[in-house]
Amino acid sequence: MHFQVILRILGILLMIFSITQLPPLAVSLYYQDLGHWAFFTAFAITLITGFIIWVPVYTVRQELSIRDGFLVTVLFWTVLGVFGSLPLMLSEEPGLSAVDAVFESISGLTTTGATVMTGLDDLPPSILFYRQQLQWLGGMGIIVLAVAILPMLGIGGMQLYRAETPGPVKDNKLTPRITETAKALWYIYLSLTVTCALAYWLAGMTLFDAIGHSFSTVAIGGFSTHDASMGYFDSAAIEVIGIFFMTVAGINFALHFFAWRHHTLLHYLKDPEVRFYLSLLGLITLLTLFVLVMTETYPAVESLRKAAFMVVSVATTTGFATADFANWPAMLPFMLFVLAFVGGCASSTAGGMKAIRVLLILKQGYREILRLIHPNAVIPIKLGQRPIPDPILQAVWGFFSVYLMVFVVMLLALLATGLDQVTAWSAVGATLNNLGPGLGEVAAHFGGLNPTAKWILCLAMLLGRLEVFTMLVLFTPAFWRR
């Protein structure tokens, strides 16, 4: 372990992160909402802390090993989540407690979208902008993590992409190519954000709302500047734009990188994961539409609007709302919530277990059925025309089993704090899958939960965002052994 290099990186990250306090500070000065002192104080604290950490080790130059990569990745989200809470604690409005501020900050940076805040329409514009910005910055970090780092670390089968995606290709070092990859991915991410903001603005949002919602749409975060979320605008055009950009952001960014580099779109349709992802969205939308029409919950046209938007929002783990799906009839609330466990594609800003893993698990299940019929047959599992090696399939099953075990442990922990079963189950699912809204007491917000439950859910958000193994590996003795 190269602790000096890790400290140097952490100090640099904090100093860079301090700069992110300046845009909301400018927004505060522009709107004269008196929140600028909170952002200036947070800027100073973060900058000075980063500088103090960085100065003693600034001359150290070494390449990071894979074990260093795990630790840096976990520290990135944990430390920035804590420092990101400062303006929310220091500002008179909302003036959150420590646990609420950290919860909101981690929810933003992990693009979960679970909130403890209400009365958003009356909050200072600078605070509203800051929440949206947290999600956008978190989304950028997730893209680099998912496309450039996790395939390298071999998290839960994501080494499947090592040979196909841009980024590091060595097996033992994190290389400078990550920097090159990050730049290209951020250009794509920024372009999507600007395009989304312009589309929202032309569709009728104010410029402030358009920018804020483009941040959380492309990041698949779900934070809004209004309590009613996307339902506040009641606009079919805005909902169509949201559906398009949520869907695009839920696709593997390595494919976007390929499209940007080679100026082609055909590879999207050739990708098995994308076809599975889009087919699932279409099928569940049709099923939801059928139930809403048959139960006469809404008129036919409105049923189509609600079904399409909410299915895409929940399935991609964005968490925007145009309707209270928790109160929809029949099995719809449970079905949509379970859909969030699938999430979007790997190497996207979406949460969940990822479509590629679920697709491989389904293929493995089908293979076992065929083996019952043909016990001696050799039946390879393929994605497209490419057979998948057994170690990757084992890693996918390992991830799936650990994911479910973490879910059960978190669920038991929440039940122990006194929550009812529906609230506890959905709260863990909403945070572990980085979805945001849940069912029961957390259908609207998480503010009513006890502090212990909120700390547990902060851990769940980090575990979900870091693909579970990245964080759990730090708790094994073997990781710290020389």
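FYI, side chains are in, hydrogens and waters are out, and symmetry mates aren't considered; it's all heavy atoms of this structure.
- Every pair passing salt bridge (Lys or Arg N to Asp or Glu O under 4.0 Å) that includes a residue from residues 450-461 is listed here, sequence neighbours excluded: Asp100-Lys454.
- Taking the six-membered ring where the residue is Trp, the centroids of Phe223 and His213 are separated by 6.0 Å or more.
- For Trp186 and Tyr189, the distance between ring centers is not under 6.0 angstrom.
- Between Phe341 and Phe407, the distance separating the two ring centers is shorter than 6.0 angstrom.
- Not a single ring pair (Phe, Tyr, Trp, His ring centres under 6.0 Å) links Phe245 to another residue, sequence neighbours left out.
- At least one donor-acceptor pair under 3.5 Å links the side chain of Thr115 to the backbone N or O of Met117.
- Cation-pi geometry between Arg357 and Phe399 is met: the NZ or CZ atom falls under 6.0 Å from the ring centre, inside 45° of the normal.
- A distance-only check finds no donor-acceptor pair linking the side chain of Thr111 to the backbone of Gly221 [under 3.5 Å].
- Applying the ring pair (Phe, Tyr, Trp, His ring centres under 6.0 Å) criterion to Phe325, with sequence neighbours excluded, gives no partner residue.
- Proximity of a side-chain donor or acceptor of Asp121 to a complementary backbone N or O of His226 within less than 3.5 Å is not detected.
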Show every donor-acceptor pair shorter than 3.5 Å between a side-chain atom in residues 276-286 and any protein atom, with sequence neighbours excluded, or say none if there are none.
residue	atom	partner	partner atom	Å
Tyr277	OH	Thr247	O	2.9
Ser279	OG	Arg275	O	2.6
Thr285	OG1	Leu281	O	2.7

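- The backbone N or O of Ser85 sits nowhere less than 3.5 Å from a side-chain atom of Glu104 that would complete a donor-acceptor pair.
- The backbone N or O of Thr225 lies less than 3.5 Å from no partner atom in the side chain of Tyr232, so there is not a single donor-acceptor pair.
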Check the pair Thr217 / Tyr200 against side-chain hydrogen bond (donor to acceptor under 3.5 Å, both in side chains), numbers first and verdict last. CA-CA 11 Å; Thr217 301; Tyr200 278 146; 2.9 Å; yes
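- Between the side chain of Gln21 and the backbone N or O of Phe43 there is no donor-acceptor pair closer than 3.5 Å.
- For Phe103 and Trp455, the ring centers sit 6.0 Å or farther from each other.
- Checking side-chain atoms of Asn252 against main-chain N and O of Cys345 turns up no donor-acceptor pair under 3.5 Å.
- Put simply, the residue from Ser216, Ser214, Ser224 that forms a side chain to side chain donor-acceptor pair (under 3.5 Å) with Gln132 is Ser216.
- Taking each heavy atom of Ser426 and Phe337 in turn, the nearest pair found is O-CZ, 3.0 Å.
- Arg465 places a side-chain N or O within donor-acceptor distance of the main-chain N or O of Thr110, the cut-off being under 3.5 Å.
- The pair Lys354-Glu467 meets the salt-bridge criterion, since a charged nitrogen lies less than 4.0 angstrom from a carboxylate oxygen.
- Each salt bridge (Lys or Arg N to Asp or Glu O under 4.0 Å) pair with one or both residues in residues 238-255, not counting sequence neighbours, appears once here: Glu239-Arg305.
- The CG atom of Leu449 sits 7.5 Å away from the OG1 atom of Thr417 when rounded to the nearest 0.5 Å.
- In this structure, Trp77 CH2 and Leu109 CG are separated by 8.5 Å, a value rounded to the nearest 0.5 Å.
- Side chain of Thr73 to backbone of Gly69: a donor-acceptor contact under 3.5 angstrom is found.
- Between the side chain of Asp33 and the main chain of Ser126, a donor-acceptor pair closer than 3.5 Å is present.
- A centroid separation of less than 6.0 Å is found between the aromatic rings of Trp425 and Phe334.
- Taking Ser18 as the reference, nothing meets the side chain to side chain donor-acceptor pair (under 3.5 Å) condition, with sequence neighbours excluded.
- Here the straight-line distance linking atom CD1 of Ile106 with atom CG of Leu459 works out to 9.0 Å at 0.5 Å rounding.
- When side chains are defined from C-beta on, Leu332 counts as touching Leu292, because their heavy atoms get closer than 4.5 Å.
- More than 12 non-hydrogen atoms from other residues, nucleotides or ligands lie less than 6.0 angstrom from OH of Tyr298.
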